[in-house]
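Just so it is clear, the structure is predicted and the values come from calculations on it, not from any experiment. Below, chain A is the first sequence line, B the second, and so on; all start at residue 1.
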Protein chains: 2
Amino acid sequence: MESLQDIAHQIYQRTGVMTSSKDVEKILSAAAATPHFWEIITLSQKPFSVVAEIIELLRQKNLLEVDKNGDIKFNSKGLEYLVSLKIAPKRTYTCHACEGRGINFSKLEDLIKKFDQVTVNRPKAISDYDQGFVTTQTVVGRIALLAERGDLEGKKLLVLGDDDLVSIAAGLSGMPTEIVVMEIDDRLVEYINEVANKYNLPIKAMKYDFRDKLPEEYVGYFDTFITDPPETIEALEICIGRGISALSKEGCAGYFGLTSIEASLEKWNVFQQILASKFKVVVTDIIHNFNHYVNWDYLLNTVGKQYEFVQVEPKLNWYRSSMYRIETLKDSKGIENEYKPCELYVDEEALIYRGDKA
Amino acid sequence: MESLQDIAHQIYQRTGVMTSSKDVEKILSAAAATPHFWEIITLSQKPFSVVAEIIELLRQKNLLEVDKNGDIKFNSKGLEYLVSLKIAPKRTYTCHACEGRGINFSKLEDLIKKFDQVTVNRPKAISDYDQGFVTTQTVVGRIALLAERGDLEGKKLLVLGDDDLVSIAAGLSGMPTEIVVMEIDDRLVEYINEVANKYNLPIKAMKYDFRDKLPEEYVGYFDTFITDPPETIEALEICIGRGISALSKEGCAGYFGLTSIEASLEKWNVFQQILASKFKVVVTDIIHNFNHYVNWDYLLNTVGKQYEFVQVEPKLNWYRSSMYRIETLKDSKGIENEYKPCELYVDEEALIYRGDKA
């Protein structure tokens, strides 16, 4: 029977994504715990293409079967294979009360209700800007996190890209003194300004592409930024670099999500080198699965059309990311305030690119 | 009235610890939320010496008062000062169910009970090795975290220093195939081996000082290590470097606690540079306040004897640390396997050193 190392090597050849035998092991352990493809991604936190190709490879090797509903099940040969490798079904111990975020929502119930009411007519996620917004629990969890860390109350907040409508939740919380949204999608700019006017929230939204320089008046202006960057290295560097440039001094904070679904841990390492050595900021928190994304309409039209086990409606909000908090130090610095061309969305780890290509 | 910047500068001169105006702000915000010195540290997560000196300075400036119980209270002048700086009492939103760790303990109740029974006669924490062990919830939370991340079941675990008795909890969980404890304190080596024998756990404890080279047979041997390192940069580098050297290949994991009470964020940044660039490992998780330490007997004999607000019995397990998880990549490497002399415990941020000096 095939070794994990052999499988890892074949997957690397098929996907171009660096894959280790431990990665394969984690995906097998996840697949042993659930028959649902999207949950295997959630449990293993590995790139879409890697997970899909491993399932496909195991099917070709006759170790698992896919039924007419797209459910994935190891057959007896497959189960023996797992035992021979000492791979057990993945265990989970996630707190039900807080979905693992560590945050008590009881003081936040009013904000949750208000946010849902106010944003009921929000614009739909569209693929043009790689959109996909987070759940209300996530948005309000972010507000609590920023507030608990002392980064919200009485502060000036920059939201760099806001399909999640964090600005509105922050405004409704009553805590920040000023909120600026810079957003590329006209629909969102307009929507956020409308809501801000209607509810008298201290928010100003403007059109902005983060490849462009920051408006001069906002360089070194804010206490806190939050963003949900595209996950190529270039985009991460520019987006977070802009955020840091917008902060006023040491002890300011930045928040952003990063997946291991579209960004391998190799990429995380490169990015952590940039954060620590180039930007000289400190990472104070990395909270696993903090951000849960609402399943977006265009998913099954854009990925994995050739696999019937992929072409099933997700039964859970499967796409999740870790929440990073960074803090500026005495010598922190962002990027030069000038136009920076960059590839935003496409590399070999990206969800859509692989789907298209495969 | 004094600016935050002025206070920060004075505190830096008094303590030698880099202090920003945001640090001062966070300590004032914490002090506005509780009268109890040890809780101010917990809420602000700043170095002991910095917190103590700020409280002392504010008292000298007649902005707060300390009553006969050691309780700290802003007077009316102090409250006006806070308002003028727009500093609000610190808010907390920590999940009660999981104490913010994100872990559901309901599947772990048996393990909690068993661990408490088995370790009831554990050795006391002593200052010789900077000991102070964590709560049972913390130990069992660690077991759940390692298990959920796929780093425990069927794995070989190294525990590098084990006054927390993580090895015993891991053994009782039944998940690891092999557990090796390397520990400097003879009392603990003996105790852990006794318990392992009595309960037939797959644990072997041996005497080891992490400045010494690893036993050759354990280089590249383990799947996972866990440790609670002393917090000088040198000690962090050597201790975590040894752990990485003991791991077998990419995709292996290391866990360790790091405080911001004894390690400033400037130090965190230096250490993160080492992790990302020198060791080429990736940080996958930093979980705030994951580790709660049981108050140790020798505390009030070793710190802050000159402040009556420090000389009060802590009302909570005030000393906490963030839990780091790192994962090895293709090019990760630890340190050379040779003797490394280093200063373990003492630098200007350390708890005991400042207490002695101040």
Flag side-chain contact, heavy atom, 4.5 Å: A:T92 against B:K107
yes

Region of B:R149 that comes under 4.5 Å of a non-hydrogen atom in chain A:
both

If you round to the nearest 0.5 Å, how far is NZ of B:K22 from SG of A:C252?
4.0 Å

Among the options B:L145, B:L258, B:D223, pick out the one with the most heavy-atom pairs lying under 4.5 Å from chain A.
B:D223

To the nearest 0.5 Å, tell me how far B:D23 CG sits from A:E327 CD.
7.0 Å

Scored by heavy-atom pairs under 4.5 Å with chain A, the best of B:I287, B:T284, B:V281 is B:T284

Would you name the heavy atoms of A:V283 and B:W268 that are closest together and state the gap between them?
O-CE3, 3.6 Å

Between B:Y324 and chain A, which part of the residue has a heavy atom less than 4.5 Å away: side chain, backbone, both or neither?
side chain

Walk me through whether A:S29 and B:E153 qualify under side-chain contact (heavy atoms from CB on, under 4.5 Å).
CA-CA 11 Å; A:S29 172; B:E153 196 163 9; over 6 Å; no

Run the salt bridge (Lys or Arg N to Asp or Glu O under 4.0 Å) test against A:E39 and tell me which residues pass, sequence neighbours left out.
none

Going from CZ on A:F279 to CG on B:N269, what distance comes out if it is rounded to the nearest 0.5 angstrom?
13.0 Å

Main chain of A:A276, side chain of B:Q272: is a donor-acceptor contact present, judged purely on distance under 3.5 Å?
no

Does any backbone or side-chain atom of B:M323 lie under 4.5 Å from a heavy atom of chain A? Answer side chain, backbone, both or neither.
neither

What part of A:N289 lies closer than 4.5 angstrom to a heavy atom of chain B: side chain, backbone, both or neither?
neither

Between A:K249 and chain B, with a heavy-atom cut-off of 4.5 Å, which part of the residue counts as in contact: side chain, backbone, both or neither?
side chain

Quick check: are there more than 12 heavy atoms from other residues, nucleotides or ligands sitting under 6.0 Å from NZ of B:K330?
no

Heavy-atom distance under 4.5 Å to chain A: side chain of B:K280, backbone, both or neither?
both

Which heavy atom of B:S277 sits nearest a heavy atom of A:Q273, and at what distance?
OG-CG, 3.6 Å

Could you state the interatomic distance from CG (A:N104) to NE2 (B:H96), rounded to the nearest 0.5 Å?
4.0 Å

Has the side chain of A:K86 got a donor or acceptor atom that lies under 3.5 Å from a matching backbone atom of B:K155?
no

Out of A:C98, A:G154, A:A30, A:G141, which one racks up the most heavy-atom pairs below 4.5 Å with chain B?
A:C98

Does any heavy atom of chain A fall under 4.5 Å from the side chain of B:E25, the backbone, both, or neither of them?
side chain

Of A:G150, A:A144, A:S21, A:A97, the largest count of non-hydrogen pairs under 4.5 angstrom with chain B goes to A:A144

Between B:S44, B:G100, B:S322, which has the largest tally of heavy atom pairs under 4.5 Å with chain A?
B:G100

Please report the interatomic distance CZ(A:R91) to CE(B:M175), rounded to the nearest 0.5 Å.
4.5 Å

I would like to know whether A:K90 and B:E148 meet side-chain contact (heavy atoms from CB on, under 4.5 Å); could you show each step before the answer?
CA-CA 7 Å; A:K90 183 177 167 77; B:E148 182 163 299; 4.2 Å; yes

Among residues at least two apart in sequence or on other chains, which ones pass salt bridge (Lys or Arg N to Asp or Glu O under 4.0 Å) with B:E266?
none

Give a yes or no on this: more than 12 heavy atoms of other residues, nucleotides or ligands lie within 6.0 Å of atom OH of B:Y12.
no

